[in-house]
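A quick write-up on the structure given underneath.
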Amino acid sequence: MNSLFRKVWETVAHRSGSSSGSGYNPNPNPISEYDRFLQMMYMQTSSTGEFDRIPIDIFMQILKILGPREAARLRAVCKSWKFLVSDNRLWIYFLQHQPDPWNSVFFAETHLRSSYPLQVFPTQMHDLSYMHIFGQRVEVPGAVIIDGGSGYCKYGWSKYSSPSGRSATFLEFGNIESPMPTRLRHFFSTICSRMQVKASSQPIVVSLPLCHYDDTEAAKSSRRQLKDAIYATLFDMNVPAVCAINQATLALFAAKRTSGIVVNIGFNQTSVVPILHGKVMHKVGVEVVGMGALKLTGYLRDRMQQNNIHFDSLYTVRTLKENLCYVALDYEAELSKDTEASFAVSSNSWFTLSRERFQTGEILFQPRMTGVYVLISLLVLVIR
């Protein structure tokens, strides 16, 4: 650190000397009101001798080079440095250079920090101390994410962008004749064992699959009982913090929104969920249709068999669906285009698809393509 300050001090001395000799201001940008306020406060509280001659912009650059830990230690030097180190812009810079995307951090801190129920008008940026936020994010360990579903459950760490494994969903895990608390405990213990983590050492976030979605008293009671059972089981396992939240709500938060319509295409069903300020609007109505990812995979399998495309397993079909299929913006126009593309499922098995690529996803919007006329189009569900 001494060598760094020495080099900077030499630069500052040279800069001030050349500036005074020529009368030319090397910084053509005007100083903002906030910078002028910082300069005034810095001059009034300064008590560091020769270091007082360092311009604030240079000092802030030094802090950025030193990093968050060393910058935090400099707060103990004097009042002026404590004031400058606490500047929100410095800690926003540090947060922007963390693994988590800055826009996600900013959304979480301004919209979700007040916990549930969410504020209609979120706290503005200047009301937050990002130095405090940075410290909290460093101290709090990563949470275990358990994403329940109708087909299978995915789990992993919050600091990673993808799950680390999957298992049967907790609605079907273990002996379905056993009481729900017993099954839940077995389920959560198995996941902690697979992740090689003690349940008592990490917070856990559980995303609840959309079930009992009606606005009836029976559905409300079922949703409440499931959530209470999850909380009771995890706290009985000494988990330090638990959050059980609807899947659709988490999906909306991931898109940095608190209100909107979530179209959730699950394993066995597709749901359209209206959400206002983080709350599922059951009174408005949650629409569900019995067509999900499994149905799309089955449709692609049938199309490949009709076109004499041979494959070994349903895993091959699912892999092709996930890597080659897409939804056409204009289905009729897409029919006249050359959409042929190939993908290698393994080193010696190449598959080529053409119209199947966009026809697979189209069955969500035109269910009659599957020969079933009782299902409602996804577009109609959203409009409802």
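Throughout, residue positions are numbered sequentially from 1 according to the sequence presented. It should be emphasised that the depicted structure is a prediction, and the values quoted were computed from it without experimental measurement. Below, all heavy atoms of this structure are taken into account, side chains as well, without hydrogens, waters or symmetry copies.
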Exercise for the section: Might you point out which heavy atoms bring Ala72 and Trp91 nearest each other, and give the distance in Å? Expected result: CB-CH2, 4.4 Å
Handout entry: Test item: side-chain donor near acceptor, Thr190 and Ser193, under 3.5 Å
Key = no
Problem - Any donor-acceptor pair under 3.5 Å from Thr297 side chain to Ala293 backbone - result: yes
Handout entry: Test item: Arg355 side-chain N/O and Leu335 main-chain N/O as donor-acceptor pair under 3.5 Å
Key = yes
Fill in the blank from the handout: Note: Thr360 and Tyr299 closest approach over all heavy atoms is CA-CD2, 3.8 Å
Handout entry: Lys256 atom NZ: more than 12 heavy-atom contacts under 6.0 Å
Key = yes
Exercise for the section: Return yes if some donor-acceptor pair links the side-chain N/O of Arg303 with the main-chain N/O of Glu356 below 3.5 Å, else return no. Expected result: no
Problem - Close side-chain approach of Tyr152 and Ser167, heavy atoms under 4.5 Å - result: no
Problem - Backbone of Tyr130 reached by a side-chain donor or acceptor of Asn88 within 3.5 Å - result: yes
Practice task
Indicate, with yes or no, if the rings of Tyr331 and Phe358 have centres closer together than 6.0 Å.
Solution key: yes
Exercise for the section: Taking all non-hydrogen atoms of both residues into account, name the closest pair between Ala244 and Tyr231 and its distance. Expected result: N-OH, 3.2 Å
Practice task
Determine whether more than 12 heavy atoms belonging to other residues, nucleotides or ligands lie under 6.0 Å from atom NZ of Lys64.
Solution key: yes
Practice task
Give a yes or no on whether the backbone of Lys198 and the side-chain of Ser201 come within a donor-acceptor separation of less than 3.5 Å.
Solution key: yes
Exercise for the section: Start with the C-alpha distance between Thr316 and Thr319, add both sets of side-chain angles, then the distance that settles side chain to side chain donor-acceptor pair (under 3.5 Å), and finish with yes or no. Expected result: CA-CA 5 Å; Thr316 299; Thr319 303; over 6 Å; no
Exercise for the section: Answer yes or no: is there a donor N or O on one side and an acceptor on the other, between the side chain of Thr270 and the main chain of Val289, under 3.5 Å? Expected result: no
Practice task
Show your working on side chain to side chain donor-acceptor pair (under 3.5 Å) between Gln225 and Ser221 and close with a plain yes or no.
Solution key: CA-CA 6 Å; Gln225 287 177 7; Ser221 176; 3.2 Å; yes
Problem - Side-chain donor or acceptor of Ser158 paired with backbone N/O of Ala143 under 3.5 Å - result: yes
Exercise for the section: Look at atom CZ of Phe343 and say whether more than 12 heavy atoms of other residues, nucleotides or ligands are closer to it than 6.0 Å. Expected result: yes
Problem - Flag for Tyr326-Glu334: side-chain donor and acceptor within less than 3.5 Å - result: yes
Practice task
State whether the number of non-hydrogen atoms from other residues, nucleotides or ligands found under 6.0 Å of Asp312 atom CG is greater than 12.
Solution key: no
Practice task
For the pair Ser259 (side chain) and Gly278 (backbone), establish whether a donor and an acceptor sit closer than 3.5 Å, ignoring hydrogens and angles.
Solution key: no
Problem - More than 12 heavy atoms from other groups under 6.0 Å of OH on Tyr160 - result: no
